[in-house]
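Chain letters run A, B, ... following the sequence lines, proteins first and then strands; every chain starts at 1. Basis for what follows: all heavy atoms, side chains included, without hydrogens, waters or symmetry-related copies.
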Amino acid sequence: MKPRIPQGTRDFTPQQIAKRNYIFEIIKEVYELYGFRPIETPTMELLSTLTGKYGEEGDKLLFKILNNGDFLKDVSPELLAEKKSAAIIPKIAKRGLRYDLTVPFARFVVMNQNALSFPFKRYQIQPVWRADRPQKGRYREFYQCDADVIGSKSLLYEAELIQIIDEVFKRLNIKVTIHINNRKILAGIAEATGIGAEHFVDMTVAIDKLDKIGAEKVMEEMVRRGIAAPKAEQVMGLLEIDSIEQLAAKMDDVGSESGLNGVEKLQTIWRFLEHSPLTNYLKFDIALARGLNYYTGTIFEVTANDVEMGSILGGGRYDDLTGIFGLKNMSGVGISFGAERIYDIMEAGSLFPEGIVHDVQALIVTFDDLALDYGFGILTALRKAGIAADIYPEPVKMKKQMKYANARAIPFVIVIGDNEMKTGELVLKNMETGVQQTLFLEDLLTVLSPSQT
RNA sequence: GUAGCUGUAGCUCAGUUGGUUAGAGCACUGGAUUGUGGUUCCAGGGGUCGGGGGUUCAAAUCCCCUCAGUUACCCCA
């Protein structure tokens, strides 16, 4: 049979894992520096935990897990005959794969509330699954790197998260722009232009596309979604505002309470950051809307400056995420790094540093069976001394053994044959320079010991 | 769900208006070279041309169906 993997999934080679771990390690280090602690949640959740949390579209993108055993026993013949899949699903699947890390986190907080102290800061780096149609930079299985604080309304945490974003991209050597807005400002725009609550989502969905499709198309989309043309035009006018001061004046003019509230919140964040300069550019972006999910306050997004690649981080504040699980008044704010896209950017810009792919320090190559026995003893000595090493398992042609060392990018080869066994002096070859030296085992251990290199 | 593009050796891909036995590079195996790789040279193995049907004297090539991958839309990391 032809080997295949499911659509939208990928294998990872050791080299790719090394690079991916490099990104994860930097994110983890910075998260921990800022007091976030790791948690993990199960790969599968009860379907009832997941459904209805991501909108109608989201439900379709959930991977469901077929029940074990006689999964059809609770399905009535009538239901089967009607072929109504949506009605049958809950009867044959009670579990599903996690779709993101935020909803499982909300469930986690509610279930473990007695064991946690609030504000609770957690980070979580795990894969999620979506039954979306894959395309460039989008997969059915991918990692999210989330950090959230739950149980505080303080805007200090927004400031902290911005510092985290800045620090991570500084360490990764990627130049980015951090876009920030507040949904209350968008509500203010709706208020100012008389767009009612029923069209608020239509407005945000449309203006979120401003940088992608341009002003004209955004205007068209709003009208297509049922917003009166003059109102849509007014919205477009407001979107040209690019300073907070200007916006404050405008919101004051129209007397929009929520607009002013949003402005105030942004100003507070800026005040926190006043004396802590950022490396990257923090940009107020009035057109940033981030779709229509659970965000209610601050919203973030990050784009790379030098590469065309969509957003590489998203985040924001949600006032009531745990409410659906029975825990009220828990405001939270969080971010999520898009690890795969960051990987692609770093690959495209050759931003991964040298030497992050770790293999063994030395490979022992041998000329005959006697040397192989002898070499296995040397190998054990190397490993006891803490030196990562391997031996070629058969005394085949030198060329083949050398090629193997090359292919694995092993820096040193230890050659063992009759001469070496007679004298006890081993040949150590530097595979980069080609230089060889003969050394007794003790000296060899010193030269190769990790503290020396 | 809708549309475009692509399926040829293990991998990346050539293959002319349909025409004899379908090719290259890389990888692999053996040899030149009985103690030395990353840079040589020679030879070799490997193919249901995604699958099925049709047109034709003749199909990798043209037509239909189907499967898979991929890109875009919707949505999203």
Side-chain angles (χ1 to χ4, degrees), chain A residues 1-10 13 23 27 54-62 85 99-102 125-146 201 204-206 208-209 212-213 217 221 224-225 289-293 295 300-304 309-316 334-345 363-368 371 392 395-422 426-436 438:
Chain A
M1 65 179 287
K2 220 176 190 174
R4 291 207 160 283
I5 55 175
Q7 189 183 39
T9 64
R10 292 158 297 164
T13 63
I23 296 173
I27 293 173
Y54 309 103
E56 220 175 292
E57 282 297 310
D59 285 355
K60 283 187 206 160
L61 302 182
L62 286 172
S85 304
Y99 178 88
D100 71 357
L101 300 178
T102 308
I125 300 178
Q126 288 189 279
V128 302
W129 292 266
R130 296 182 186 179
D132 208 347
R133 289 293 287 269
Q135 49 184 278
K136 194 172 184 61
R138 186 198 281 184
Y139 307 95
R140 286 185 153 180
E141 177 184 60
F142 61 97
Y143 272 85
Q144 288 194 330
C145 312
D146 279 29
V201 167
T204 57
V205 166
D208 194 40
K209 297 175 183 169
K212 251 192 200 166
I213 62 177
K217 292 262 172 75
E221 176 145 357
R224 191 162 47 77
R225 284 172 177 268
R290 288 205 58 72
L292 55 140
N293 30 34
Y295 298 119
F300 311 106
E301 202 162 283
V302 170
T303 52
M309 177 70 82
S311 75
I312 52 178
L313 175 141
I335 53 173
S336 179
F337 285 88
E340 337 282 327
R341 286 182 179 177
I342 292 172
Y343 183 104
D344 290 346
I345 286 174
L363 179 78
I364 297 173
V365 301
T366 57
F367 282 105
D368 52 39
Y392 199 88
V396 295
K397 288 201 323 185
M398 216 19 63
K399 178 172 179 164
K400 193 171 166 60
Q401 300 191 56
M402 286 291 183
K403 271 186 111 162
Y404 180 71
N406 257 339
R408 276 180 65 175
I410 297 172
F412 292 97
V413 159
I414 296 162
V415 185
I416 298 175
D418 286 344
N419 301 341
E420 288 75 16
M421 286 190 283
K422 236 177 273 168
L426 309 173
V427 171
L428 178 70
K429 174 163 183 160
N430 182 320
M431 291 301 278
E432 209 177 315
T433 61
V435 175
Q436 295 192 173
T438 52

| task | Side chain of A:Lys399 only, please: which of B:C74, B:A3, B:G31 is the nearest? | result | B:G31
| field | Pairwise C1' distance, B:G19 and B:A27 [rounded to whole Å] | value | 33 Å
| When all nucleic acid strands are considered with a 4.0 Å heavy-atom cut-off, which category describes A:Asp100: base, sugar-phosphate, or nothing? | nothing
| task | For B:G46 and B:G10, measure between their C1' atoms and round to the nearest Å. | result | 9 Å
| said: Rounding to an integer number of angstrom, what distance separates B:G25 and B:C65 when you compare their P atoms? | reply: 39 Å
| message | Has A:Glu420 got a side-chain atom pairing as donor or acceptor with A:Gly417's backbone, closer than 3.5 angstrom? | response | yes
| request: Determine the interatomic distance between C1' on B:A22 and the same-named atom on B:U8; round to the nearest Å. | output: 8 Å
| Rounded to the nearest Å, what distance is computed from the CG atom of residue A:Asp59 to the P atom of nucleotide B:G1? | 16 Å
| Phosphate oxygens OP1/OP2 of B:G69: is one of them under 4.0 Å from a side-chain N or O of A:Gln7? | yes
| field | Rounded interatomic separation in angstrom, taking CD from A:Glu221 and C1' from B:C74 | value | 10 Å
| field | Shortest non-hydrogen contact between A:Ile27 and A:Cys145, atoms and distance | value | CD1-SG, 4.0 Å
| Is there a Watson-Crick or G-U wobble partner for B:G37 with both distances under 3.5 Å, and which nucleotide is it? | none
| request: Could you check if a side-chain atom of A:Asp100 sits within less than 4.5 angstrom of a side-chain atom of A:Arg130, using non-hydrogen atoms only? | output: yes
| query | Are any of the side-chain heavy atoms of A:Phe337 and A:Leu313 separated by less than 4.5 Å? | reply | yes
| said: So A:Gly58, base contact, sugar-phosphate only, or nothing? Heavy-atom distance under 4.0 Å. | reply: nothing
| message | Mind checking if A:Tyr139 touches a base, just sugar-phosphate, or nothing, with heavy atoms under 4.0 Å? | response | base
| A:Met431, nearest nucleotide to its side chain (from B:U36, B:C76, B:G37) | B:G37
| B:A60 versus B:G23 - spacing of their C1' atoms, nearest Å | 12 Å
| query | Closer to the 5' end of RNA chain B via nearest nucleotide, is it A:Ile5 or A:Tyr99? | reply | A:Ile5
| Counting only Watson-Crick or G-U wobble pairs whose two distances fall under 3.5 Å, which nucleotide matches B:A60? | none
| message | Counting only side-chain heavy atoms from C-beta out, which of B:G35, B:C75, B:A77 sits nearest to A:Arg130? | response | B:A77
| task | Would you indicate what A:Lys403 reaches in the nucleic acid, counting non-hydrogen atoms under 4.0 angstrom: base, sugar-phosphate, or nothing? | result | sugar-phosphate
| query | Considering heavy-atom distances to RNA chain B, does A:Tyr143 or A:Gln436 have its closest nucleotide positioned more toward the 5' end? | reply | A:Gln436
| message | Within this structure, what is the CD1-CZ distance for the pair A:Ile312 and A:Arg341, rounded to the nearest 0.5 Å? | response | 9.5 Å
| message | Stacking between B:A77 and A:Phe142, yes or no? Criterion: centroid separation under 5.5 angstrom, plane angle under 30 degrees. | response | yes
| said: How many whole angstroms separate atom CD1 of A:Ile416 from atom P of B:U36? | reply: 17 Å
| For atom CZ of A:Arg341 and atom P of B:A77, their distance in whole Å | 8 Å
| request: Using the C1' atom on both, measure B:C63 against B:U56 and round to a whole Å. | output: 12 Å
| Euclidean distance, atom CZ of residue A:Phe337 to atom C1' of B:C76 [Å, nearest integer] | 18 Å
| field | Identified salt bridge (charged side-chain N to carboxylate O under 4.0 Å, His left out) counterpart of A:Glu340 within the set A:Arg138, A:Arg10, A:Arg140 | value | A:Arg10
| remark: Across every strand shown, the nucleotide meeting Watson-Crick or G-U wobble geometry with B:G47 (both distances under 3.5 Å) is none
| note | Whole-Å distance, A:Lys217 NZ to B:C73 P, equals 11 Å
| message | Is it the case that the base of B:G35 and the side chain of A:Glu420 share a donor-acceptor contact (distance under 3.5 Å, atom types as modelled)? | response | yes
| Which part of the nucleic acid, if any, lies within contact of A:Arg225, taking any heavy atom under 4.0 Å across all strands shown: a base, the sugar-phosphate backbone alone, or nothing? | sugar-phosphate
| message | Looking at B:G30, I'd like to know if its phosphate oxygens (OP1 or OP2) sit under 4.0 Å from a side-chain N or O belonging to A:Lys397. | response | no
| note | pair_partner(B:U70), Watson-Crick or wobble, both distances < 3.5 Å, evaluates to B:G4
| Residue pair A:Leu363 / A:Gln401: nearest heavy atoms and the distance that separates them | CD2-O, 3.9 Å
| In whole angstroms, how far is the P atom of B:A77 from the CG atom of A:Asp208? | 10 Å
| Given the C1' atoms of B:G35 and B:U29, what is the spacing between them in whole Å? | 22 Å
| Complementary nucleotide of B:G25, counting Watson-Crick and G-U pairs under 3.5 Å | B:C11
| request: Between B:U20 and B:A58, how far apart are the P atoms? Round to whole Å, please. | output: 15 Å
| request: Would you tell me if any nitrogen or oxygen in the side chain of A:Gln135 comes within less than 4.0 Å of OP1 or OP2 on B:U70? | output: no
| message | Given the structure, check if the side chain of A:Lys429 and the base of B:U36 hold any donor-acceptor pair shorter than 3.5 Å. | response | yes
| message | With heavy-atom distances below 4.5 Å as the criterion, would you say the side chains of A:Phe142 and A:Val128 are in contact? | response | yes
| Is a donor-acceptor contact shorter than 3.5 angstrom present between the side chain of A:Asp418 and the base of B:G35? | no
| said: For B:C74 and A:Lys209 - does any side-chain N or O of the residue sit under 4.0 Å from the phosphate oxygens OP1/OP2? | reply: yes
| query | How long is the line joining CG of A:Asp132 and P of B:U70, in whole Å? | reply | 13 Å
| Taking OP1 and OP2 of B:U29, is either one under 4.0 Å from a side-chain nitrogen or oxygen of A:Lys400? | yes
